[in-house]
Amino acid sequence: MGVVAKQGRVSRWLDQSGHGRDGIMDSAPKQPALIAAALNALPVVRFDGAQSLYLKTPVQPEAFTVFVVGKNNERDETFSMILGPGGNLPNNQLRWENGSEVLAVGRGNDLPAVRTSVGDTRAYHLLTARYDGTTLDIHMNGDLAGSHKVKTTGPWVLAQVGAYFSEAYGKADLAEVLIYSQAFPAAERASVEAELKSWYGLR
């Protein structure tokens with residue numbers, strides 16, 4: 001996972017790609033919790049509705065593949081943030097919309113609010129969002145949940161984990177958040193999904 005934690009609170013989630021896009025939070029009350037042995041004896045980062053991590057350098061892919069291992073802990077039928085914007089950046093988001101849907105949106109690059117029914121978001125799962133410039137595919141545990149024809153006009157800009165604009169937050173466990181600035185071919189996407197499902201004991 002690669003985190004910097006003190007007294008069970010995560011101040012930095014390290015970018016494993018080598019690009020230095022660590023998720024950072026200096027304010028202790030706003031730091032998410034590190035929960036040991038939560039998923040297949042592996043740790044997760046827990047956001048409880050008032051915590052987030054920000055990226056000093058936002059990710060701005062025009063095509064992308066995003067893998068998220070985690071679960072939605074919001075019990076009400078309202079949204080729970082996974083990735084969102086910060087500062088003066090456009091309102092771009094990936095979030096659990098409720099207990100059974102995922103929403104992706106890119107205000108500022110004409111990615112419409114796309115909702116996909118994926119099944120139970122409150123159980124640990126692998127969520128994959130893949131966009132190749134014309135089609136946004138959402139997979140749940142390696143199975144296609146929805147395919148949407150969309151055409152954007154610029155990059156999808158993401159700057160926070162667990163919140164957007166430090167105003168609306170997620171209640172969530174996150175074990176992995178992998179963001180790639182390319183649309184993986186089907187075989188490569190499936191290979192990564194199989195590896196993550198095996199590592200975290202997901203079906």
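These numbers come from the heavy atoms of this one structure, side chains and all, not from hydrogens, waters or symmetry mates.
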* Which hydrophobic side chains are connected to Val105, either touching it within the sub-4.5 Å cutoff or through other members that do? ->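 Traced through the cluster, Val105 reaches Leu103.
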
* Give me the other members of the hydrophobic cluster that Leu89 sits in, counting Ile, Leu, Val, Met, Phe, Trp and Tyr linked by side-chain heavy atoms under 4.5 Å, directly or via other members. =>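 For the cluster that includes Leu89, the remaining residues are Val157.
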
Is a side-chain donor-acceptor pair under 3.5 Å present for [Y] with [X]?
{"X": "Ser80", "Y": "Lys171", "result": "no"}
{"X": "Ser166", "Y": "Gln160", "result": "yes"}
{"X": "Thr152", "Y": "Asp110", "result": "no"}

* Asked: Which residue pairs pass the ring-ring contact (aromatic ring centres under 6.0 Å, His included) test when at least one of the two sits in residues 69-107, sequence neighbours left out?
  ->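 Sorted pair list: Trp96-His125.
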
* To do: Please collect all ring-ring contact (aromatic ring centres under 6.0 Å, His included) contacts where either partner lies in residues 134-163, sequence neighbours excluded, each pair once.
  =>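 Qualifying pairs, neighbours excluded: Phe64-Trp156.
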
* To do: Using a strict cut-off of less than 4.0 Å between a Lys/Arg side-chain nitrogen and an Asp/Glu carboxylate oxygen, indicate whether Glu101 and Arg122 qualify as a salt bridge.
  =>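 Salt bridge between Glu101 and Arg122, a charged N being under 4.0 Å from a carboxylate O: no.
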
* Glu193 bridged to Lys197 by N-O distance under 4.0 Å ->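 Between Lys197 and Glu193 there is no salt bridge, as every charged N stays at least 4.0 Å from the carboxylate O atoms.
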
* Where the side chain of Glu74 meets the backbone of Asp76, is there a donor-acceptor pair that is under 3.5 Å apart? ->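 Such a contact is found between Glu74 side chain and Asp76 backbone.
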
Would you give me the side-chain donor-acceptor pairs under 3.5 Å for residues 40-47, sequence neighbours excluded?
unit_1: Asn40; atom_1: ND2; unit_2: Trp199; atom_2: O; d: 2.9
unit_1: Arg46; atom_1: NE; unit_2: Asp173; atom_2: OD1; d: 2.7
unit_1: Arg46; atom_1: NH2; unit_2: Asp173; atom_2: OD2; d: 2.9

List the atom pairs, donor and acceptor, that lie under 3.5 Å between side-chain atoms in residues 24-35 and the rest of the protein, sequence neighbours left out.
unit_1: Gln31; atom_1: NE2; unit_2: Met25; atom_2: O; d: 2.9

